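Written below as structure tokens is the structure these notes are about.
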Protein chains: 2
Amino acid sequence: MAQIQRNQPLYEQLMWRIKAQVAAGVLVIGEKLPSVREMALIEGLNPNTVAKAYKALEAQNVIETVTGKGTFIRRNGENADNELVEQLKNKLTEVTIEAKRVSISPNQLHSWIDELYGEKQ
Amino acid sequence: MAQIQRNQPLYEQLMWRIKAQVAAGVLVIGEKLPSVREMALIEGLNPNTVAKAYKALEAQNVIETVTGKGTFIRRNGENADNELVEQLKNKLTEVTIEAKRVSISPNQLHSWIDELYGEKQ
DNA sequence: CTACGTGTACTATGTTACACGGTACACTTA
DNA sequence: TAAGTGTACCGTGTAACATAGTACACGTAG
């Protein structure tokens, strides 16, 4: 009954917003996220949509959910799943092919990556 | 009436297959692609789906289509569209955040990029 | 224990993108 | 003229997405 016109599902957009805040250090390990219903009000989404994002984030070990208590930021994983690494390489391949096509230098890509890594852990 | 179970639309998959062949030098500038109906037979797709991919590829200046003649590989663009650059940076940001989360070093990302750039133009 | 907040699991409805089948048209080339 | 090209439709079916609403099991504060 909603959805205006997007290229990415709302629950995925929310996932990336949370992931970015974790990577930027805005959300610290152990910190409690707003409840499903609170986050729904904040983001203007349906609680079910937020729940879907939370569930997916837990499957990726980004957050930990304790029924009855809430959801909390988890510490970063030490080793990467093989399937995840493949997905990452595929995505990076797409980016690189596209960059090469429009004459963006590899050094430009390198510096973009380093900028993001430079932010506090 | 089809679609088995995928994370990416068939027409986008075809787009990336063609883009990759261009980047790898398998498809040369000016080369003629199979017709919509031929490609449909080759790839096991509906002609409409192939046409959708071709149309999108032309919108991205990857191929050139001449009605009545066929579709041909175009030379690489010299300058990048601002909107395209933004999309690229967003995608690269997602990759970097994810890599950082699973403790993949920036140098690892750099070498993956360089490998892809190393292939013949 | 009670009341509230938590995540979760349903059912149901409506919209949209995908992919398909089929037909038709304007164009180019042999 | 005949065949092949890209393109543009209409219609159908499937699946994902997002919403609304209800209900349940759990933990915590009162």
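Remember, it's a predicted structure, so these values are computed and weren't measured experimentally. Below, chains carry the letters A, B, ... as their sequence lines are ordered, and counting in each starts from 1. The figures that follow rest on heavy atoms only: side chains count, while hydrogens, waters and symmetry mates do not.
- Nearest-nucleotide mapping onto DNA chain D: of A/G68 and B/V66, the residue sitting toward the 5' end is B/V66.
- One can place NZ of B/K55 at 16 Å from C1' of C/dA19, the figure rounded to the nearest angstrom.
- Side-chain contact between A/E98 and B/K19 is present, with at least one heavy-atom pair separated by less than 4.5 Å.
- Take the nearest nucleotide of DNA chain D for B/P47 and for A/T49: the residue whose nucleotide is more 5' is B/P47.
- Residue A/T71 places none of its side-chain N or O atoms closer than 4.0 Å to OP1 or OP2 of C/dT6.
- Rounded to an integer number of Å, the gap from B/R37 CZ to D/dG4 P is 10 Å.
- Put simply, A/T67 has no side-chain N or O that comes within less than 4.0 Å of OP1 or OP2 on D/dG27.
- Between B/K69 atom NZ and C/dT28 atom P the separation is 10 Å, expressed in whole Å.
- Atom P of nucleotide D/dT5 and atom CG of B/L41 are separated by 11 Å, given to the nearest angstrom.
- The side chain of A/Y11 places an N or O atom within less than 4.0 Å of a non-bridging phosphate oxygen (OP1 or OP2) of D/dC17.
- Side chains of A/N76 and B/R101: no donor on one and acceptor on the other come within 3.5 Å.
- If you measure from atom CG of A/N7 to atom P of D/dC17, you get 13 Å, rounded to the nearest angstrom.
- Atoms CD (A/E38) and P (C/dC4) sit 16 Å apart, rounded to a whole Å.
- Between B/E43 and B/R17 a salt bridge is recorded (basic side-chain N to carboxylate O distance below 4.0 Å).
- At the heavy-atom level, B/E58 lies under 4.0 Å from the strands shown only through sugar-phosphate atoms.
- Side-chain proximity of A/S35 to D/dA20, C/dT6, C/dA19: nearest is C/dT6.
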Walk me through whether B/V28 and B/I73 qualify under side-chain contact (heavy atoms from CB on, under 4.5 Å). CA-CA 7 Å; B/V28 199; B/I73 303 295; over 6 Å; no
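- In this entry the distance linking NZ of A/K52 with C1' of D/dA15 reads 11 Å, nearest Å.
- Nucleotides of DNA chain C nearest to A/N48 and A/Y54 differ in position, and the one nearer the 5' end is that of A/Y54.
- Among C/dT6, D/dC17, C/dC20, the nucleotide with an atom closest to any side-chain atom of A/P9 is D/dC17.
- For the pair B/E58 and B/R74, the salt-bridge criterion is not met [side-chain N within less than 4.0 Å of a carboxylate O].
- Between B/N46 atom CG and D/dC9 atom C1' there is a gap of 14 Å when expressed in whole angstrom units.
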